[in-house]
Amino acid sequence: MNSLTPSQLDLLQRALGPTRVLEEHVLAPYTTFKIGGPADAFYEATSADELSTAIQAARKADIPCFVLGLGANILVGDKGFRGLVIRNAARNMSMSPDGVLHVESGAIVWPDVIRYAIQCQFAGLEHYAGIPSTVGGALWQNLHFLSPAPKRERTMFIDEVFLDALLLTPENTLQQVNHEYFGFGYDQSILHHSGDIVLSARFNLEKGDQQNMNRIVDENLAWRKERHPPLETEPSAGSIFQKIEGIGAGRLIDECGMKGARQGGIEITQRHANIMINRGGGTASDVIKLIERVVTTVKDQKGHILKPEIAMIGEF
Ligand SMILES: Cc1cc2nc3c(=O)[nH]c(=O)nc-3n(C[C@H](O)[C@H](O)[C@H](O)COP(=O)(O)OP(=O)(O)OC[C@H]3O[C@@H](n4cnc5c(N)ncnc54)[C@H](O)[C@@H]3O)c2cc1C
């Protein structure tokens with residue numbers, strides 16, 4: 001049931017265009033897990049201006065709103081989202097001659113942004129090849145990757161090349177903020193609790209050799225192909241549980257013999273014990289039940305408490 005009043009819907013449609021606000025729109029196709037019920041209202045923003053306008057319209061009409069990137073780090077409830085979901089497809093980008101990359105926050109890190117940076121011969125982002133993310137999602141979580149190649153065996157974080165960002169604050173003002181403001185950590189940034197929305201960002205890249213960057217991309221893609229289920233045929237949300245320093249959530253789950261464990265349409269993949277895949281028809285309720293089974297089993301057998309890494313969105 002749509003929770004928006006006719007006057008709230010009217011306000012949205014006036015601000016965003018009557019044909020572009022979709023009612024009762026199912027969210028599953030917009031997530032990498034292919035799970036999630038309908039949003040009361042759904043709008044696709046194709047520029048930073050449209051993103052800003054949509055958020056301000058929702059706030060003015062007192063409508064809860066959620067900004068969706070590629071939906072690669074979230075689980076949307078089976079009952080969907082009460083309010084407005086804004087899919088961020090603001091994807092403009094440009095490069096200055098000295099390697100400052102300016103991107104709108106809906107730009108897709110791989111392949112779009114990385115391919116563009118390589119084409120312009122600037123390095124620093126190629127390490128994140130193969131990870132599904134918009135720029136906004138990448139800053140929200142401080143996108144990271146443990147590089148597999150020799151000499152680069154350390155976790156690299158996207159904030160290492162981040163310069164600054166233009167935010168829409170909860171007070172509806174525009175604010176240019178620098179690296180320090182974000183308080184980046186492992187899977188952490190101020191965006192988790194500030195209510196700010198990233199409209200665009202700038203990255204400081206260094207002159208790089210195209211051949212070398214393409215090699216890093218190929219190595220990382222090959223590494224992923226070997227270890228991760230392919231999203232096209234085995235939808236997932238990446239790692240389900242937060243890292244446990246020095247131990248690894250996946251290893252604990254594996255040691256409990258839970259690879260292949262199944263709940264409805266959801267299965268812990270044989271490839272990686274910290275990844276659940278949607279075998280078809282999987283629901284958010286299946287995911288939650290399997291998460292609970294894993295948490296209980298790992299606690300009983302290993303004495304560690306696993307915590308989900310993915311954000312739970314909407315009604316379950
Ligand atoms: C197969 C697979 C592999 C993965 N591998 C990795 C990996 O190696 N390393 C890693 O770090 N992550 C990995 N992930 C997780 C995921 O790719 C990242 O967390 C990614 O940054 C999510 O980006 P998104 O655009 O999909 O964000 P979403 O999932 O759409 O959103 C995540 C959060 O960010 C918020 N958000 C999005 N845009 C904005 C914005 N403009 N302003 C403010 N808030 C915003 C959303 O509201 C939401 O709360 C993987 C995921 C999958 C499915």
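Predicted, not measured: the structure shown is a model, and the values here were computed from it. For reference, positions follow the sequence shown, starting with 1. Remember, it's 1-based here, ligands and their atoms both numbered in the order they're listed.
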Above 12 or not: heavy atoms from other molecules or residues under 6.0 Å from [atom1] of [X]?
X	atom1	result
E206	CD	no
D62	CG	no
R14	CZ	no
K207	NZ	yes

Would [X] count as being in polar contact with ligand 1, using the rule that some N or O on each side must be under 3.5 angstrom apart?
X	value
S236	no
V198	yes
I313	no
F145	no
N73	yes
Q141	no
L68	no
D196	no

Requested in this report: For the pair D187 (side chain) and Q242 (backbone), establish whether a donor and an acceptor sit closer than 3.5 Å, ignoring hydrogens and angles.
Outcome: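 Answer holds: no.
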Provide the number and element of each atom of ligand 1 under 4.0 Å from a heavy atom of [X].
X	value
A138	21 (O)
L143	10 (C), 11 (O), 12 (N), 18 (C), 20 (C), 21 (O)
I197	42 (N), 43 (C)
S133	20 (C), 21 (O), 22 (C), 23 (O), 25 (O)
S105	41 (N)

Any side-chain donor paired with an acceptor under 3.5 Å for [X] and [Y]?
X	Y	value
T297	Q301	no
N178	D164	no
N88	S105	yes

Report task. For residues I131 and W110, determine if any side-chain heavy atom of one lies less than 4.5 Å from a side-chain heavy atom of the other. Result ->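 I131 does not reach W110 side chain to side chain.
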Query raised in the report: Between P235 and I277, is any pair of side-chain heavy atoms under 4.5 Å apart?
Result: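 A side-chain contact under 4.5 Å is absent here.
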Taking [atom] as the reference point, the nearest protein heavy atom with its distance:
atom	result
atom 28 (P) of ligand 1	G71 N, 3.7 Å
atom 53 (C) of ligand 1	G238 N, 3.2 Å
atom 10 (C) of ligand 1	H144 O, 3.4 Å
atom 26 (O) of ligand 1	A72 N, 2.9 Å
atom 17 (O) of ligand 1	P132 O, 2.6 Å
atom 5 (N) of ligand 1	R224 NH1, 3.4 Å
atom 36 (N) of ligand 1	V67 O, 4.1 Å
atom 24 (P) of ligand 1	L70 N, 3.5 Å

Query raised in the report: Any idea how F162 and F203 line up, ring-wise: parallel (<30°), tilted (30 to 60°), or perpendicular (>60°)?
Result: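 Geometry flag for F203 against F162: perpendicular rings.
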Query raised in the report: Where does the angle between the aromatic ring planes of H228 and H272 fall among parallel (under 30°), tilted (30 to 60°) and perpendicular (over 60°)?
Result: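 Rings of H228 and H272: perpendicular, over 60°.
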With heavy atoms under 4.0 Å as the rule, classify the contact between [X] and ligand 1 as side chain, backbone, both or neither.
X	result
A311	neither
I131	side chain
A237	backbone
T32	side chain
F66	side chain

Query raised in the report: Is R224 positioned over the aromatic face of F145, cation under 6.0 angstrom from the ring centre and no more than 45 degrees off axis?
Result: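 Yes, R224 lies over the aromatic ring of F145.
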Query - NZ or CZ of K79 within 45° of F316 ring axis and under 6.0 Å - result: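 No, cation not above the ring by the 6.0 Å, 45° rule.
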Requested in this report: For residues A41 and L4, report the shortest heavy-atom separation together with the two atoms involved.
Outcome: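 So the minimum-distance heavy-atom pair works out to CB-CD1, 3.9 Å.
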